Every structure is written in C-alpha cells, then in structure tokens.
Amino acid sequence: IRVADNNSSDTISNVLIDSNEIGCSAPCKGWSLWNNGTQFHHDGIFIQTTNSSSAITGLTISNNYIHGDLGVGSNPTAYIYLTGSSGGLNTSNIFNNVIVDEVTGAPGAEGNIVLGFGAKGQNIYNNTDISLNQFTSTGIKIRDSCGGISTIKNNIFMNSFLAYDIEVAACTPTSDHNSFFGFNSASPRWFNNNGTFYGSLSAWQTATGKDANSSNSNPNLSPTYQLS
C-alpha cells in the first residue's frame, strides 16, 4: 500500500489504513515498489510526501497484519515506512498492528517500522513486532532528521537484533510500558541512540531514563501472536 502526494503544497488528510492483511510467502514478489530513478523501496505500507510543501496529516495505520519476507538482496526497506518533505507527516497514529519479519537471510529490512525525513512526532502503541532472524532485524528505526519526538508505548518487540535504531541526535523517543524479549544474547546492540549502543534493557534505562516501566520478560504470545 502506497500513499503519496502528487503536487507541491498538497495536503492529504485523515488517511485510514485499517484491518488489512499485507504479505506473502517467501520469496515475496508482491510488495509495494517505488522507483523514481534514484530511490527504490520494497515495503508493506509506504507513506511519503515528495514535494517541498506537501503534508500528510491525520494518518492512522491500525489493526493490520503485515508479514512475509521482504526479499533478501532486493533492497528490502520496511513493513511500515513513513517519510516526508518539509511539509512532513505530522502526528500519525500507528497502533494494534501485528508485524512479522520473516526475512531469514542478510541483509534484512532497514527496520520493521521506519520513521524517515519529516516524520514528526509519531504515536506508536499497542503493536506486536516479531522477527524470525535475530541477526538482521530492527524493530523501529528513526533516521534522516528529527522533526519531533515520537511516542512508543505498550508494544511488544521479540527476537530483533536491535529494538530501536536511532540515527538522529536529540531524537530519543518517549518510550515506556514496552516488552523487549528474545533478543540476540550475544549482541551488545539492543538499542542504538545516535551511535551509542546498549546491550540490555537495564543499560538503556540507566543511560536514557526511558522505558522505566518496560520489561524483558516473555509476553507468552499464542501461535497467532496474540496475548495468551
């Protein structure tokens, strides 16, 4: 699914992407593709503004089941990817989605959820984010610029190599009441905060003050990724 502007100064309002199953069995060939000669994306849901003054406001992505193998070697990007121009993507709500990253080789997706340029102050809550490969996957990636602090609460992250890959200074999200479980125990990189890596939840909590009420206990999900 791709939503994008068409002209400069476009405003797209109140977009709802709800209750879809998006995915396929490996090797997947049905993902959203975008190629304008210099950019190439391989995504489940791709939201973008491409013109200088365009904006997308009131976006909701909810209750979707997004799964499959984005495709090793085919520039896999994200299961949900948000990126914008100077107008940006303002305060979207991403909640109650189940994302299952089934990439089994390398390189994996850039992130299961990626917040790119112009993605300002997103609300990400009550999602279940599962990865089948502890060595390549990332739960949430924040890149390009920091237009506003995002809120990440009440989510489950399982089996990722990185929970958060934050590549932008002063953009640490408001994060709490999350569950982080099954991460690669040999990796010192559960969390990246602008180049500083933390290899455990406790180290992340101590250094940043985030996720004070989060845990690394088993959420005991059912085979269909529901709380049992």
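No experiment lies behind these values; they were computed from the predicted model shown.
Side-chain contact of Asn178 with Asp211: a donor-acceptor pair under 3.5 Å is present, judged by distance alone. For the residue pair Ser62/Asp18, the side-chain donor-acceptor check at 3.5 Å is satisfied.
Residues meeting the side chain to side chain contact (heavy atoms under 4.5 Å, CB included) test with Ala203, sequence neighbours left out: Tyr198, Ser200. When the side-chain hydrogen bond (donor to acceptor under 3.5 Å, both in side chains) test is applied to Asn93, the partners found at least two apart in sequence or on another chain are Asn123. Applying the side-chain hydrogen bond (donor to acceptor under 3.5 Å, both in side chains) rule to Ser19 yields no partners; only residues at least two apart in sequence or on another chain are considered. For the side-chain hydrogen bond (donor to acceptor under 3.5 Å, both in side chains) test, residues two or more places apart in sequence or in another chain that qualify with Asp176 are Asn213. Applying the side chain to side chain contact (heavy atoms under 4.5 Å, CB included) test to Asn216 and every residue at least two apart in sequence or in another chain returns Leu201. A search for side chain to side chain contact (heavy atoms under 4.5 Å, CB included) contacts involving Thr224 returns Ser222, Gln226, not counting sequence neighbours. For Thr60, there are no side-chain hydrogen bond (donor to acceptor under 3.5 Å, both in side chains) partners two or more places apart in sequence or in a different chain. Taking Asn218 as the reference, Phe181, Asn220 meet the side chain to side chain contact (heavy atoms under 4.5 Å, CB included) condition, with sequence neighbours excluded.
Rounding to the nearest 0.5 Å places CG of Asn96 at 5.0 Å from CG of Asn126. To the nearest 0.5 Å, atoms CD (Gln205) and OG (Ser175) are separated by 9.5 Å. In this structure, Ile22 CD1 and His67 NE2 are separated by 9.0 Å, a value rounded to the nearest 0.5 Å. With rounding to the nearest 0.5 angstrom, the OG1 atom of Thr49 is 12.5 Å from the CG atom of Asn6. Atoms CG and OG, from Asp129 and Ser179 in turn, are 11.5 Å apart once rounded to the nearest 0.5 Å. Here CG of Asn194 is found 8.0 Å from OG1 of Thr172. Values are rounded to the nearest 0.5 Å.
Nearest heavy-atom pair across Gly84 and Leu89 is N-CD1, 4.1 Å. What you find for Ser9 and Ser54 is that their closest heavy atoms are N-OG, 3.5 Å. Shown here for Ile99 and Ile80, the closest heavy-atom pair between the two residues is CD1-CD1, 4.0 Å. The minimum heavy-atom distance linking Gln122 with Ser150 is given by the pair N-OG, 3.0 Å. The two atoms that bring Cys171 and Ile166 nearest to each other are O-CG2, 4.1 Å, heavy atoms only. For Ser131 against Ser160, the heavy-atom pair with the smallest separation is OG-OG, 3.4 Å.
Looking at Thr174, its side chain never comes within 3.5 Å of a backbone N or O of Thr151 through a donor-acceptor pair. Panel note: side chain Asp101, backbone Asn112; no donor-acceptor pair is recorded below 3.5 Å. Although no hydrogens or angles enter the test, the distance criterion places a donor-acceptor pair under 3.5 Å between the side chain of Tyr79 and the main chain of Gly68.
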- Message: Could you go through Thr50 and Asp5, starting from their C-alpha distance and side-chain angles, then the distance that decides it, and tell me whether this counts as side-chain contact (heavy atoms from CB on, under 4.5 Å)?
- Response: CA-CA 7 Å; Thr50 59; Asp5 60 323; 3.2 Å; yes

- Message: Would Phe191 and Thr208 count as a side-chain contact (heavy atoms from CB on, under 4.5 Å) here? Give the steps.
- Response: CA-CA 11 Å; Phe191 301 88; Thr208 66; over 6 Å; no

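Side chains of Asp10 and Asn51 form no contact here, defined as non-hydrogen atoms less than 4.5 Å apart. Residues Leu59 and Leu82 have side chains in contact (heavy-atom distance under 4.5 Å, counting atoms from C-beta outward). In this structure, the side chains of Glu110 and Tyr81 come closer than 4.5 Å at one or more pairs of heavy atoms. Between Ile47 and Ile17, the closest side-chain pair of non-hydrogen atoms falls below 4.5 Å. In this structure, the side chains of Leu115 and Ile124 come closer than 4.5 Å at one or more pairs of heavy atoms. Using a 4.5 Å heavy-atom cutoff, the side chains of Ile130 and Leu221 are in contact. Residues Thr83 and Phe46 form a side-chain contact, since some pair of their non-hydrogen atoms from C-beta on lies under 4.5 Å apart. Within the 4.5 Å cutoff, side-chain heavy atoms of Ile140 are placed close to those of Phe157.
When the shell of 6.0 Å around NZ of Lys210 is examined, it contains more than 12 heavy atoms from other residues, nucleotides or ligands.
The distance between the ring centers of Trp204 and Phe180 does not fall below 6.0 angstrom.
Sorted by first then second residue, the salt bridge (charged side-chain N to carboxylate O under 4.0 Å, His left out) pairs that include residues 158-172, not counting sequence neighbours, are Lys141-Glu167.
Hydrophobic side-chain contacts under 4.5 Å tie Tyr125 into a cluster, directly or through other members, with Phe95.
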